[in-house]
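Shown next, in structure tokens, is the structure this report addresses.
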Amino acid sequence: MSQASVKTYLPWVVAAALFMEQLDATIVNTAVPSIAASLGVSPLSLKSIVSSYILSLAVGIPVSGWMADRFGTRRVFAVAIVVFTLASVLCGMAVNAPMMIAARLLQGLGGAMMMPVGRLAIIRTFPKSELLGAMNFVIIPALIGPLLGPTVGGLVVHWVSWRYIFFINVPVGLVALFLVFRYMPDYRAAQRRPLDVVGLILFSSGTALLSWFLEIFGEHTLAPLTAAAILASSLGLLGAYALYARGRKFPLLRLSLFHIRTFRIAVVGGFLTRLGLGGMPFLLPLLYQVGLGFPAWKSGLLMMPAAIAAMAMKLVSQRLLHRFGYRQILVVNTVCIGLTIGLFAFVGADTPLVLIVMLGLTQGFFNSLQFSCMNSLAYADVDDQDSSMASTISSSFQQLSMSFGLAAGSLVTAWFLGDVPQTDRTMVISALHHGFATLSIITVISSLTFWRLHQDDGESISRGTALRLQR
């Protein structure tokens, strides 16, 4: 298999698996009421089918890099697809809630290996000058999946059974598996490193506990002492790992990579930026459905412009980076995202629909450019032999940032809505406007992180210049 063939088809391999994962993540939420009725439980009790998947991701992602280095990217990626597909079938065959939760846990483990290992294969195949284009291609299914998920899920539940929602993954998984064995290169580490079992226990249990806490935060009333104990335990485990990893020759996650300035800024800056962005999936449906009184289908359609604009931005982001560089784009674009979020604070009952659509398009453009820049900058100055570790750390922090972003959205929503009756649309809209303003301020402040970049940082990707390590 020639290198040219690998470069041509590898992005399709990773994109097919990512599409399956992202479609599943959004399609399930639509079917929760039907699943609950079928299994004879309340919809609220099935919240665990979402949280169990997130817990599996938190546990599985940190070990994915070690598995790829030890067993090879092709074998691990193939196993991940098989596990995810078989778990999907088990979800569709579930006869009770415990079986469904167990199947979702298994599905999460498969999903945890897919994206980090797929990203690792992309990083090792493409030179840094071609990396942004390849990653932009791969990420498009991640945008299409959430776009199709609610619609497909609603149609499936309406016309057939909720079980077919999970069976949809079978043909996609088979196609992805065929592509893996035909076109996926088999990269392994030059030096085998032992599995850091103690580090895995400390870090995975800490992230799992923290992710679970953030997942339920704002949706359940926790006693202050209970919440404080859970938070302290999770942070204590993560702190213990940081101390433990310092003296290890082969730690689970080598935190010394944060000494590389571009990697540190990309990961930490991305984490902070997602705190503001993460609240939008909570606030926008509330604004459209509760505040403005739109039906669910209309609210769903108003979420589509952002996804369409995000896909369009992928076509021009590489040229923008070549022209302006990472520092200028990330500083300005983060502020633009914050201002766009703030503009939603002016959307009311008398706002023309076309302006809401244009605002969604604008936000989609800026968000897409932001993620392209942050995700690719993380690998600009990382050595090839460290790419597996960098991919694992980056994926772990992205997973945590998603949980923190959702928690931020829940907290902002709960704080400003308070005891406002949802029948009082005027008060609901006013409370949501305060929420958008808060998230806007958080996002604008996060742009300060990117001021520490140098003007020529990331040129190995944006302009194809020689790699420079900055430690």
Do side-chain atoms of [X] reach the backbone of [Y] as a donor and acceptor pair under 3.5 angstrom?
X	Y	value
T449	S446	yes
S204	I201	no
S391	P116	yes
S388	G65	yes
D383	D386	no
T334	V331	no
D381	T262	no
S440	G338	yes
K128	Y379	yes
S368	F365	no

Test item: [X] and [Y] side chains (from C-beta on) under 4.5 Å apart, heavy atoms:
X	Y	value
D196	Y244	yes
L284	F436	yes
F324	V332	no
M313	L320	yes
Q455	Y326	no
I341	F366	no
N333	C373	no
S401	L275	no

Of the non-hydrogen atoms in [X] and [Y], which two are nearest, and what is the gap between them?
X	Y	value
M389	L252	SD-O, 3.4 Å
L132	S372	CD1-O, 3.8 Å
G270	F450	N-CZ, 4.2 Å
A208	V59	CB-CG2, 3.9 Å
I61	S396	CG2-OG, 3.4 Å
P62	L57	CD-O, 4.3 Å

Going from [atom1] on [X] to [atom2] on [Y], what distance comes out if it is rounded to the nearest 0.5 angstrom?
X	Y	atom1	atom2	result
L109	R104	CG	CZ	12.0 Å
L10	T73	CG	OG1	8.5 Å
L131	R119	CG	CZ	10.0 Å
L287	H433	CG	NE2	6.0 Å
I393	R254	CD1	CZ	7.5 Å
L272	I265	CG	CD1	11.5 Å

side-chain contact (heavy atoms from CB on, under 4.5 Å) evaluation trace for L377 with F263: CA-CA 7 Å; L377 177 64; F263 179 81; over 6 Å; no

CA sep, side-chain torsions, deciding dist, call: M280, F344, side-chain contact (heavy atoms from CB on, under 4.5 Å): CA-CA 10 Å; M280 297 303 286; F344 278 100; 3.8 Å; yes

Centroid-centroid under 6.0 Å between W12 and F137 rings: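 Ring-ring flag for W12/F137: true, centres closer than 6.0 Å.
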
Pair F397 + F258: ring centers closer than 6.0 Å: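 Yes.
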
Could you verify whether a donor N or O on one side chain and an acceptor N or O on the other, from [X] and [Y], lie under 3.5 Å apart?
X	Y	answer
Q107	S56	no
D69	Y187	no
N375	Q398	yes
R124	S387	yes

Step-by-step side-chain contact (heavy atoms from CB on, under 4.5 Å) determination, I356 to V347: CA-CA 7 Å; I356 299 177; V347 174; 3.8 Å; yes

Verdict with supporting geometry, S64 and T392, side-chain contact (heavy atoms from CB on, under 4.5 Å): CA-CA 7 Å; S64 60; T392 303; 4.2 Å; yes

Aromatic plane relationship, Y183 with Y9 - under 30° parallel, 30 to 60° tilted, over 60° perpendicular: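 Y9 and Y183: parallel rings.
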
D457 bridged to R327 by N-O distance under 4.0 Å: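 Judged by the 4.0 Å cut-off on N to carboxylate O distance, D457 and R327 do not form a salt bridge.
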
